[in-house]
Amino acid sequence: MTAQTLPPAAPRPDTPVLDRVAGPADLKRLTDEELGRLAHELRAETISVVSETGGHLGSSLGVVELTVAIHAVFSTPVDKLIWDVGHQCYPHKILTGRRDRMRTLRQQGGLSGFTKRSESEYDPFGAAHSSTSISAALGYAVGREMGQPVGDCIAVIGDGAITAGMAYEAMNHAGHLGKRLIVILNDNDMSIAPPVGAMSKYLIDLHKFTPFAILKDVAEGLEAALPGPIRDGARRARALVTGMPGGGTLFEELGFSYIGPVDGHDMPTLLATLRAARSRAAGPVLIHAITKKGKGYAPAETSADKYHGVAKFDVDTGVQAKAKSNAPAYTSVFGNALTEAAARDPRIVALTAAMPSGTGLDILAKRFPARVFDVGIAEQHGVTFAAGMAAAGLRPFVAIYSTFLQRAYDQIVHDVALQGLPVRFAIDRAGLVGADGATHAGAFDVAYMANLPGMVVMAAGDEAELVHMVATAAAYDDGPIAFRYPRGEGAGVEMPDQGRVLEIGKGRVLREGTDAAILCFGAHLTECLKAAEALEAEGVSVTVADARFAKPLDTGLIAQLAKHHQAVVTVEQGSTGGFGAQVLHHMANAGLLDGRVRVRTMTLPDRFIDHASPDAMYVDAGLTAADIARVVAGVAGPAAAVTRLRGV
């Protein structure tokens with residue numbers, strides 16, 4: 001045998017298993033014991049990466065063993081692995097050829113924090129909003145049945161996401177079609193006593209010779225034989241997904257075979273269960289895996305939020321880096337303002353869709369817990385629930401991120417606007433949000449809310465304005481009203497002691513000028529003021545006005561700006577079709593576009609903007625103070641000013 005044909009040397013026992021994995025195919029050559037070691041190393045690698053980049057740590061740590069087992073048993077990318085939400089995909093990315101780029105996670109030009117089709121063939125379906133995985137996996141399964149090059153289809157969905165109506169709609173359809181489909185319920189919400197793992201280990205010896213169809217019966221029989229407290233724990237786990245304490249009735253009615261609960265951190269258990277499913281499943285199967293969010297990293301396991309979303313942190317201590325804050329965050333300003341309003345008005349209630357702390361409603365809940373309702377990941381239900389509350393005489397505030405409110409648009413139209421019900425929409429995360437990228441951008445709410453008859457739409461120019469808009473919404477009973485505000489810190493303005501009720505449809509002028517007017521809607525007001533200062537230095541006199549309302553518009557203010565300036569430029573942190581479009585429609589119909597005044601609209605571009613810092617995203621969008629100054633100078637300034645401002 002020549003040197004060229006010698007087999008590769010066996011790896012040293014102390015060689016990290018992860019270093020031998022360039023892709024999922026390499027897992028097929030590992031022993032079950034080595035797969036266990038790989039999971040340990042993968043968890044350490046994930047912690048190391050997120051300590052440098054920030055991101056969704058707890059959810060990723062909870063699926064390490066599950067990720068290894070799925071890739072070891074199935075043959076991705078021919079087999080389609082679809083992660084629901086996708087925020088738990090960091091271990092998956094490390095194993096699928098992206099390990100060398102993981103420290104670019106969520107950074108400009110780097111890897112996405114979610115699954116993304118354009119990033120890798122191992123991400124067959126992009127995600128970031130919840131409860132889509134079963135529908136997508138079923139679509140792939142039908143493609144397979146119709147001759148497309150698709151293997152097995154595996155959807156991994158969390159216990160929170162599976163409560164959403166869309167997941168049940170998909171399961172109902174999957175059961176009806178009867179196609180081979182594997183759904184793994186990643187349940188990290190309940191604590192199961194260790195001996196329940198013994199029930200799962202029993203299945204390891206059974207799967208080699210027991211027909212798949214009766215594994216469930218074996219599991220139920222063993223569950224009944226467990227000691228009382230352990231048996232009760234197993235039955236609680238089963239009740240999570242069945243709604244009934246005694247068995248898998250609900251999923252059987254939907255056409256699924258139900259297997260579980262199994263220990264989602266026990267590698268032999270997972271491998272045996274997945275191998276059984278792969279070799280014997282004929283129709284849709286649900287595997288119920290119990291996991292622990294933040295597993296294997298003590299600071300995450302003991303944290304109240306299990307390190308769901310973290311900044312950069314010290315691995316040894318778990319202490320997260322904190323940005324220096326010069327102003328309060330918009331979300332906390334909203335939460336505090338609503339709490340004070342609720343103290344004065346017992347009719348005020350608030351709703352969130354599984355985001356009490358993210359929306360600031362935890363502040364209200366601490367003081368008035370009976371007046372805050374978390375509907376889970378069910379935005380559609382939440383909006384109609386609020387409509388019923390409004391019809392009953394309460395004053396409901398629906399606090400939902402802009403990107404998630406999109407999921408309830410029909411309910412906004414049909415159940416709220418059409419009936420003229422006074423539901424208050426507090427739209428958080430308006431505009432570009434940074435590292436979460438295009439999936440979480442609040443780009444479209446102005447356009448989709450302002451086109452509804454009877455809807456009042458406001459945007460806060462700064463944190464003080466947000467306080468006033470909370471007061472305005474609380475007092476408004478003539479129909480639905482919405483107000484939007486961005487993520488992050490405010491502008492550092494002086495805060496009022498108490499919000500005042502704004503006159504509906506009236507803006508304000510912050511700076512007087514003679515050549516051009518900037519009409520801003522929302523939190524880009526600071527950038528507009530900076531642009532005005534730069535223009536003033538170039539000899540261009542600029543008025544800056546805060547519209548406050550996209551609907552109804554301050555038509556008197558618009559008429560005055562058009563009458564007294566050569567140009568009017570609208571600026572907003574939203575898509576085309578929003579505030580600027582409303583202004584153009586009005587000016588055209590009012591005869592103000594007569595050629596005497598030039599009008600320009602500055603919006604987000606007609607494309608999705610990838611993740612980066614918010615500042616970098618607005619540079620990409622062409623919405624910086626320098627961009628605004630150049631546009632204004634281009635329509636109202638001397639040529640010399642335009643030339644000089646190109647270098648700003």
Side-chain angles (χ1 to χ4, degrees), residues 128-129 327-335 337-338 352-353 355 358-361 379 397-409 412 424-452 455-470 472-473 480-491 519-528 546-551 570-582 601-605 608-609 611-615 617-618 620-621 623:
H129 292 191
Y330 280 98
T331 299
S332 63
V333 169
F334 163 71
L338 184 60
T352 175
M355 299 291 287
T359 58
L361 290 187
E379 291 85 0
F397 280 74
V398 177
I400 298 179
Y401 294 1
S402 171
T403 186
F404 298 140
L405 190 60
Q406 295 162 184
R407 298 163 68 95
Y409 190 56
I412 297 170
R424 291 93 176 150
F425 293 95
I427 305 176
D428 201 335
R429 284 4 182 224
L432 301 177
V433 298
D436 283 339
T439 59
H440 282 60
F444 310 111
D445 57 271
V446 179
Y448 71 65
M449 296 297 263
N451 66 7
L452 297 178
M455 180 72 72
V456 174
V457 181
M458 304 181 285
D462 54 47
E463 61 269 40
E465 285 291 291
L466 177 56
V467 175
H468 300 320
M469 289 180 181
V470 171
T472 303
I481 187 168
F483 54 99
R484 75 190 313 250
Y485 46 96
R487 180 180 188 176
E489 294 179 4
L519 180 58
C520 181
F521 180 66
H524 235 53
L525 186 60
T526 300
E527 293 297 298
C528 293
D546 176 11
R548 282 180 171 155
F549 294 84
K551 190 173 186 182
T570 68
V571 179
E572 62 191 293
Q573 296 178 336
S575 68
T576 56
F579 172 70
Q582 294 283 332
T601 60
M602 297 188 70
T603 68
L604 296 177
F608 294 103
I609 297 177
H611 54 278
S613 69
D615 288 345
M617 294 178 83
Y618 281 116
D620 187 2
L623 279 177

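All residue numbers refer to positions in the sequence shown, counting from 1.
Between V571 and E527 the shortest side-chain heavy-atom distance does not fall below 4.5 Å. Y618 has its side chain within reach of Q573: a pair of non-hydrogen atoms, C-beta onward, lies under 4.5 Å apart.
Listed for the E465 side chain is no donor-acceptor partner under 3.5 Å among the backbone atoms of R548. Counting only distance, with no hydrogens or angles, the side chain of E463 and the backbone of A491 share a donor-acceptor pair below 3.5 Å. Formation of a donor-acceptor pair under 3.5 Å by the E572 side chain with backbone atoms of F579 is found in this model. The backbone N or O of L452 lies less than 3.5 Å from a partner atom in the side chain of K551, making a donor-acceptor pair.
Nearest heavy atoms, P614 versus L432: CB-O, 4.3 Å. Of all the heavy atoms in G522 and A459, the pair that sits closest is CA-CB, 3.6 Å. Across all non-hydrogen atoms, the minimal contact from V433 to M617 is N-SD, 4.5 Å. Nearest heavy atom pair, residue F444 against residue Q406, reads CD1-OE1, 3.4 Å. In terms of heavy-atom proximity, A426 sits nearest to F483 at CB-CZ, 3.6 Å. In this structure, A547 and F521 approach most closely via the heavy-atom pair CB-CD1, 4.3 Å.
Residue pairs meeting the side chain to side chain donor-acceptor pair (under 3.5 Å) criterion with at least one member in residues 430-448, sequence neighbours excluded: R106-D436, S402-D445, D445-R484.
If you check the side chains of D428 and T359, you find no donor sitting under 3.5 Å from an acceptor.
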